[in-house]
Amino acid sequence: MKIRVGMGFDVHRLVEGRDLWLCGVKIPHSLGLLGHSDADVAIHALCDAILGAANMRDIGYHFPDTDPRFKGIDSRKLLKEVMTLLREKGYAFGNADITICAEQPKINPHIPSMQEELAACIGCEIDDISIKATTTEKLGFTGRQEGISAYATVLIEKK
Ligand code: MG
């Protein structure tokens, strides 16, 4: 069995007048993430980790933010597309470990529903999706609540 690993990282800016989507869950907050899609920073990091593990470039390569087809798109659709690309290359998803860096709002209460959303998109067990939340102790752009960043690590297996 051949296993491979990939990592992904993404940042989106927090602004007024946008919904806040993280891991496919809409979270009540006064600010939302700005982007061409729904700006789900955690799903974007996860997609990049999956693509990276399979050496299939990155999310911007497959879904350019200049393409009107992806304007306002639900990032769960992008994740499903990425899973199709992964399977087409002969790989199976193993597990993912995601870290979301945000000063506000509190992420922890939403983690179980986030795991359910991602597992449903990927077609894996909920136990294969780890989601962790951290602040950056009020330091940097996440600490100033100017944006949210996310990191993801993914393991895949050659079928
Ligand atoms: Mg992004």
Side-chain angles (χ1 to χ4, degrees), residues 5-86 89 91 93 95-108 110-111 113-124 128-136 139-156:
V5 69
M7 78 85 63
F9 170 68
D10 196 25
V11 172
H12 281 266
R13 187 194 303 251
L14 277 167
V15 295
E16 288 178 356
R18 292 267 300 182
D19 290 331
L20 177 59
W21 288 93
L22 288 170
C23 294
V25 174
K26 189 170 158 182
I27 295 175
H29 192 44
S30 54
L31 304 172
L33 292 172
L34 182 65
H36 185 66
S37 65
D38 65 6
D40 190 325
V41 66
I43 289 189
H44 294 180
L46 176 60
C47 287
D48 264 359
I50 296 168
L51 291 168
N55 200 353
M56 290 194 296
R57 306 286 297 264
D58 57 47
I59 192 172
Y61 175 82
H62 295 281
F63 316 109
D65 65 7
T66 49
D67 190 331
R69 278 183 303 155
F70 306 123
K71 183 158 175 54
I73 196 170
D74 182 337
S75 291
R76 287 171 291 191
K77 289 186 184 159
L78 303 181
L79 176 56
K80 287 177 189 166
E81 285 282 322
V82 164
M83 283 305 302
T84 302
L85 293 169
L86 185 75
K89 205 172 172 184
Y91 290 109
F93 179 87
N95 72 296
D97 186 20
I98 298 165
T99 301
I100 300 169
C101 305
E103 196 65 39
Q104 289 286 336
K106 287 279 165 256
I107 307 295
N108 271 302
H110 305 285
I111 286 179
S113 36
M114 291 172 164
Q115 289 174 296
E116 276 181 36
E117 282 295 329
L118 297 185
C121 291
I122 291 168
C124 67
D128 294 331
I129 305 292
S130 155
I131 300 170
K132 313 190 300 296
T134 187
T135 70
T136 52
L139 294 169
F141 68 87
T142 49
R144 293 188 297 269
Q145 299 180 54
E146 294 166 2
I148 293 178
S149 60
Y151 301 82
T153 304
V154 161
L155 185 136
I156 61 171

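Start at 1 and go down the list; that is how both ligands and their atoms are numbered. Residue indices begin at 1 and follow the sequence shown.
A donor-acceptor pair is defined here as one N or O able to donate and one able to accept, closer than 3.5 Å; no such pair exists between the side chain of His36 and the backbone of Pro64.
When distances from the Mg ion (ligand 1) to the N, O or S atoms of His12 are compared, NE2 comes out shortest. Residue His44 approaches the Mg ion (ligand 1) most closely through its N/O/S atom ND1.
Defined by atom type and a distance below 3.5 Å, a donor-acceptor pair is present between the side-chain atoms of Asp38 and Ser75. Side chains of Asp10 and His44: a donor-acceptor N/O pair is present below 3.5 angstrom, by distance only.
Using bins of under 30°, 30° to 60° and over 60° for the plane-to-plane angle, the ring pair Phe70/Phe63 lands in the perpendicular bin.
Among the atoms of Asp10, an N, O or S atom is found under 2.8 Å from the Mg ion (ligand 1).
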